[in-house]
Amino acid sequence: MLDIKFIRENTDAVRKAIKDKNVSCDLDALLKVDEDRRNNQMQADQYRSELKELSSQIGHYKNPKSKWFQAQLAEGRSEDDLRAEGETIQAQTGEIKQKIKDLEDAERDIGAQFHALMLTVPQVPSAKTPVGPDDSGNVEVRKWGEPRTFDFEPKDHVELGTALGIIDIERGVKLAGSRNYLLRGAGALMHQAILRLAMDTIVERGFEPVTVPVLVRDEMMEGTGYYPGGEEQAYRCERDDKSLVGTAEVSLTAMYGDEILEMDKLPIKLAAVSTCFRREAGAAGKDTHGLYRIHSFDKVEQVVLCRADDDESEQHHHAILANAEAVLQALELPYRLLQVCTGDMGQGKVEMYDIETWMPSRKSYGETHSASRFGDFQARRLNLRYKDTDTKKNVFCHTLNNTVIASPRILIPIIEQYQNADGSITVPKALRGYMGGMEKIANGE
RNA sequence: GGAGAGGUGGCCGAGUGGUUUAAGGCGACGGUCUUGAAAACCGUUGAGCAGCAAUGUUCCGGGGGUUCGAAUCCCUCCCUCUCCGCCA
């Protein structure tokens, strides 16, 4: 959500954002509703003011014990007179009351329209963000590491994992339908090891580890920008009006919603490991093979809440990218960093980078991380503020987030990059300490 | 799931229909005093919307209603606590 004043004063920038991000948002309708809303409120305020004035007068007339009433009696007026005068004033209120009621009905209606339209206005992308229609417009920023060249015919993670008994897709599908899986034995251990490596890394870098609810109120989905628009992607529990989160970002970012934080407590840096649930509606037939696109996975997520300062949040953006890169570098996985263009970045984002890790079976880099900076877009929706000790004003925070690691998707590059000619898998050095010293996953061992 | 008690500003807490202002305390901020601080004393101090401003208006868990007038009465939903039941 943007500031309506900002929208009024920067309609051209907002219009450009709507076009560049290719979102559907009727800005003219919003501006019209905004004007109606303000006119309506001014009128209603005026009538309410009048009614209040009359009511307080009636209060005087109806309360014989009041000083005012006693003073009137002392001036020689009779109680009956005063009572009758009160009745006369009371009779005048009917018309005003009706006008207020009409205006309040309109207020409710206009207010709902206004809110719905406000939710569709996109955040204005940073000047650095490339303009582009879709992921084809994303720009590579840098690369790290070299994809391995094999002196044998490499297999993909499904073939390797199934043969080693560490991935069991057939039974996962039996249990839960397509896009489900089991990790077993050393596979399950490696999954846990990765999450723990990521968590230890991020905690060492100053983030508070948090465990979070994964089934949250719909307003948290709206507050973080997933609703409206993303309902099809989420598992929603109708009976409880709650949704399963697709990322711990939702819980971590919304946890301070409706609060006014102290400025010197910022930045707040949080990390959580959680299961993430995604329906993958609209992705039918896409990435159906293996562990790439699945309905539930585990992810360590990092979130930063900071002051409303573009330079500061940009620095945090670089920092949370470095945090993720540190984990990939520890795992010695080649990756590249992309700056995501306007058409691919999502409604609420000011700036966004993806990290793609080399996946031999895809013969390409595949997305494993996504780092976003929102400005105050999420904070406005969440009513997440801090008190600026200099200006004494309450200000909306800036929010950012990035993946630290998501597994099992990251198992794809690990298994495939670390495979040996005999079908065994060398355990990356960084994970061995978390796997009881295991150096290799092989059949019959 | 059953029964009961509750939800009031950053925090605690008074307030059961009316002299247009949510008492009081704590905390925070400013001042006096002091070499400096503490203490004491004095003062300031909730959020949103509209408006250039003066100002107006809304908000006592959310929503709706009764009334000339609602923190206060009614309906409904949410949440917290206590006891019972069930339970990893």
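Protein chains get the first letters and strands the later ones, always in sequence-line order, with residue 1 at the start of each. As a basis for the values below, the full set of heavy atoms in this structure was taken, side chains included, without hydrogen atoms, waters or symmetry mates.
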Pull out every protein N or O sitting under 3.5 Å from an N or O of nucleotides 70-78 of chain B, one pair per line with the distance.
none

Listed pairs, N/O of protein and of nucleotides 54-56 of chain B, under 3.5 Å:
from	atom 1	to	atom 2	distance (Å)
B:G56	O3'	A:S49	OG	3.3
B:G56	N2	A:D45	OD2	3.0

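A heavy-atom distance below 4.0 Å to RNA chain B is reached by these residues of residues 3-11 of chain A, ordered by number: A:K5, A:R8. Of the residues in residues 104-123 of chain A, those placing a heavy atom less than 4.0 Å from an atom of RNA chain B are A:R108, in numerical order.
With respect to the salt-bridge test (charged N to carboxylate O, under 4.0 angstrom), the residues A:E95 and A:K101 do not qualify. Taking the charged nitrogens against the carboxylate oxygens, A:K128 and A:E314 do have a contact shorter than 4.0 Å, which makes a salt bridge.
Nucleotides B:C84 and B:C29, compared at atom C1', are 50 Å apart to the nearest Å. Comparing B:C12 with B:G65, their C1' atoms are spaced 33 Å from each other, to the whole Å.
In this structure, of B:C68, B:U20, B:A50, it is B:A50 that holds the atom nearest to the side chain of A:R37.
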If you look only at distance, which donor and acceptor atoms sit under 3.5 Å apart when one is on a side chain in residues 2-11 of chain A and the other is two or more places apart or in another chain?
from	atom 1	to	atom 2	distance (Å)
A:D3	OD1	A:K5	N	3.1
A:R8	NH1	A:D34	OD1	3.2
A:R8	NH1	A:D34	OD2	2.7
A:N10	ND2	A:F6	O	2.9

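A:T93 comes within 4.0 angstrom of sugar-phosphate atoms only, judged by non-hydrogen atoms across all strands, and of no base. Among the heavy atoms of the strands lying under 4.0 Å from A:I58 is at least one base atom, whether or not backbone atoms are also near. Across all strands, A:E53 comes closer than 4.0 Å to base atoms (heavy-atom distances).
Inspection of the A:E249 and A:Y226 side chains reveals an N or O donor paired with an N or O acceptor under 3.5 Å.
The backbone N or O of A:L119 sits less than 3.5 Å from a side-chain atom of A:R381, completing a donor-acceptor pair.
Checking A:R38 against A:R48, the closest nucleotide of RNA chain B that is more toward the 5' end is the one next to A:R38. Each of A:L51 and A:R385 has a nearest nucleotide on RNA chain B; the 5'-most of these lies closest to A:R385.
Applying the ring pair (Phe, Tyr, Trp, His ring centres under 6.0 Å) rule to A:H317 yields the partners A:Y353; only residues at least two apart in sequence or on another chain are considered.
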